[in-house]
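Working notes, structure below.
In this text, all values refer to a predicted model and were calculated from it rather than measured experimentally.
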Amino acid sequence: MPMNWIILIIAGIFETAFAFCLGKTKETEGTVSNYWFAGFIVCLFISMSLLIKTTKTLPIGTAYAVWTGIGAIGTVLAGIYFFKEPADFWRLFFIATLVISIAGLKYVSQ
C-alpha cells in the first residue's frame, strides 16, 4: 500500500480520536473536560495536517471521502463501545456499506 494511503488512514484514525475527545468533553466537567478539549484540538490539528499532506498526491474528492468515511466508521464504533450507543442491525449494515465504499474508492483510485 503506498505511503499516501497509509497517511490517509492515520488521518482518519485521528479524526475518530478528535470525535472521541469531543464526546468525552461533553461527559466531563472542569479540569478533566479541559484536558479532553486539549486532546480534541491536538487530534484535530494532526488529522487535518495529515489530510492536507495526502491531498498533494491523491485526488481531493477521494482523499476527503475516505478520510470522512474512516472517521465516521471509527466514531460510530467508538460511540457503540465507549458511549453505549445502540448497535442495531441497520446501523451496522450502513457502517458495512461505508467500509465497502471506502475499499471501492481505494480500488478505483491511483
Side-chain angles (χ1 to χ4, degrees):
M1 182 184 303
M3 185 56 95
N4 53 355
W5 283 98
I6 294 169
I7 293 170
L8 185 58
I9 290 167
I10 294 168
I13 291 168
F14 274 99
E15 184 188 6
T16 299
F18 79 67
F20 175 79
C21 289
L22 190 61
K24 293 301 278 185
T25 300
K26 185 179 92 169
E27 285 186 350
T28 57
E29 295 179 6
T31 305
V32 174
S33 182
N34 291 337
Y35 289 141
W36 283 111
F37 182 72
F40 164 79
I41 297 296
V42 169
C43 290
L44 177 66
F45 177 79
I46 293 170
S47 182
M48 292 294 174
S49 297
L50 293 174
L51 178 62
I52 290 168
K53 183 175 177 64
T54 62
T55 59
K56 295 182 189 304
T57 56
L58 292 174
I60 185 72
T62 300
Y64 184 76
V66 170
W67 177 75
T68 57
I70 292 169
I73 292 165
T75 302
V76 168
L77 294 176
I80 291 168
Y81 186 76
F82 294 107
F83 300 112
K84 307 303 181 219
E85 294 177 357
D88 59 26
F89 171 80
W90 288 112
R91 226 169 160 207
L92 297 176
F93 172 79
F94 287 116
I95 288 297
T97 63
L98 269 174
V99 171
I100 293 166
S101 297
I102 290 169
L105 282 171
K106 164 66 173 97
Y107 179 73
V108 300
S109 296
Q110 303 171 10

Pairwise distance [atom1]([X]) to [atom2]([Y]) - rounded to 0.5 angstrom:
X: I7; Y: T55; atom1: CD1; atom2: OG1; answer: 11.0 Å
X: F94; Y: D88; atom1: CZ; atom2: CG; answer: 10.0 Å
X: T25; Y: E27; atom1: OG1; atom2: CD; answer: 9.5 Å
X: I73; Y: S101; atom1: CD1; atom2: OG; answer: 8.5 Å
X: I41; Y: F18; atom1: CD1; atom2: CZ; answer: 10.0 Å
X: L51; Y: T54; atom1: CG; atom2: OG1; answer: 4.5 Å

Around atom NZ of K53, are there more than 12 heavy atoms from other residues, nucleotides or ligands closer than 6.0 Å?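 Check fails, neighbour count at 12 or below.
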Other residues, nucleotides, ligands: >12 heavy atoms within 6.0 Å of F89 CZ: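 It does: F89 CZ has more than 12 such atoms within range.
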Identify the heavy atoms of [X] and [Y] that sit nearest to each other, and give their distance.
X: E15; Y: T68; answer: OE1-CA, 3.6 Å
X: A11; Y: S47; answer: O-OG, 2.9 Å
X: A65; Y: L105; answer: CB-CD1, 3.7 Å
X: I102; Y: G69; answer: CD1-C, 3.5 Å
X: W36; Y: C21; answer: O-CB, 3.5 Å
X: L58; Y: A63; answer: CB-CB, 4.3 Å

For F20 and F83, I'd like to know if the aromatic rings sit close, meaning centre-to-centre distance below 6.0 Å.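 For F20 and F83, the ring centres are under 6.0 Å apart.
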Using the rule that Ile, Leu, Val, Met, Phe, Trp and Tyr join whenever any side-chain heavy atoms are under 4.5 Å apart, tell me whether [X] and [Y] fall into a single cluster.
X: F37; Y: Y35; answer: no
X: I52; Y: W67; answer: no
X: I70; Y: Y81; answer: no
X: I100; Y: W90; answer: no

Determine whether W5 and V66 satisfy the following criterion, side chain to side chain contact (heavy atoms under 4.5 Å, CB included), listing intermediate values before the conclusion. CA-CA 10 Å; W5 283 98; V66 170; 3.9 Å; yes
Should L8 and L50 count as side-chain neighbours, where that means a heavy-atom distance under 4.5 Å?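 No - every pair of side-chain heavy atoms lies 4.5 Å or more apart.
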For a 4.5 angstrom cut-off between non-hydrogen side-chain atoms, does F45 reach M48?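 Counting from C-beta outward, F45 and M48 never come under 4.5 Å.
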Donor-acceptor pair, distance only, cut-off 3.5 Å: does the side chain of T75 make one with the backbone of A72?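 No, because the side chain of T75 does not come within donor-acceptor range (under 3.5 Å) of the backbone of A72.
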Mark yes or no for whether S109, through its side chain, and K106, through its backbone, hold a donor-acceptor pair below 3.5 Å.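 Not at all, since once roles are kept as given, no pair shorter than 3.5 Å links the two residues.
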